[in-house]
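Ligands are counted one by one from 1 in listed order, and the atoms in each one are counted from 1 as well. Along the sequence shown, residues are numbered consecutively beginning with 1.
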Amino acid sequence: MSTPKRAADTPFPTNVEAGKTYYWCSCGESSKQPFCDGSHQGSDFSPIKYEADKDKKVFFCGCKISTNSPLCDGSHNQ
Ligand code: FES
């Protein structure tokens, strides 16, 4: 399996809205981090869908190696 590009050294705090769907970039190549912009085309990667159950702030993974993706699990500290 390919290794994703480390897009950021810290997560992306994001205010999500109830009922909205978000597509998190798993490859790290998107210029619209933390979201997919289609740059993964031609690679092994595809975006991961995230559906917000309520209005809240979440931390989307920026290092792309979280085991709880699309959310941060602290792996960026490694
Ligand atoms: S651009 Fe990274 S998954 Fe789409």
N15 vs K57, side-chain contact (heavy atoms from CB on, under 4.5 Å): CA-CA, chis, key distance, verdict: CA-CA 4 Å; N15 293 312; K57 180 187 271 189; 3.6 Å; yes

Look up atom CD1 in I48 and atom NZ in K64, then write down how far apart they are to the nearest 0.5 Å.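 Nearest 0.5 Å value for the CD1-NZ distance: 9.0 Å.
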
If we only count heavy atoms from C-beta on, is the W24 to P47 side-chain gap below 4.5 Å?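 No. Closest side-chain heavy atoms not under 4.5 Å.
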
Find out whether F59 and F12 are in side-chain contact, i.e. whether some heavy atom of one side chain is under 4.5 Å from a heavy atom of the other.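 Sidechains of F12 and F59: no contact.
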
Which is it for L71 and Y50 under the side-chain contact (heavy atoms from CB on, under 4.5 Å) test, yes or no, and what are the steps along the way? CA-CA 9 Å; L71 302 179; Y50 176 84; 4.2 Å; yes

Enumerated ligand 1 atoms positioned under 4.0 Å from heavy atoms of [X]:
X   : value
G38 : 1 (S)
D37 : 1 (S)
P47 : 3 (S)

What protein heavy atom sits nearest atom 4 (Fe) of ligand 1, and how far away is it?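 Of every protein heavy atom, H40 ND1, 2.2 Å lies nearest to atom 4 (Fe) of ligand 1.
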
Any N, O or S atom of C25 closer than 2.8 Å to atom 4 (Fe) of ligand 1: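 No N, O or S atom of C25 is closer than 2.8 Å to atom 4 (Fe) of ligand 1, so no.
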
Regarding C27, does it place an N, O or S atom less than 2.8 Å from atom 4 (Fe) of ligand 1?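 No, C27 does not qualify, because none of its backbone or side-chain N, O or S atoms lies under 2.8 Å.
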
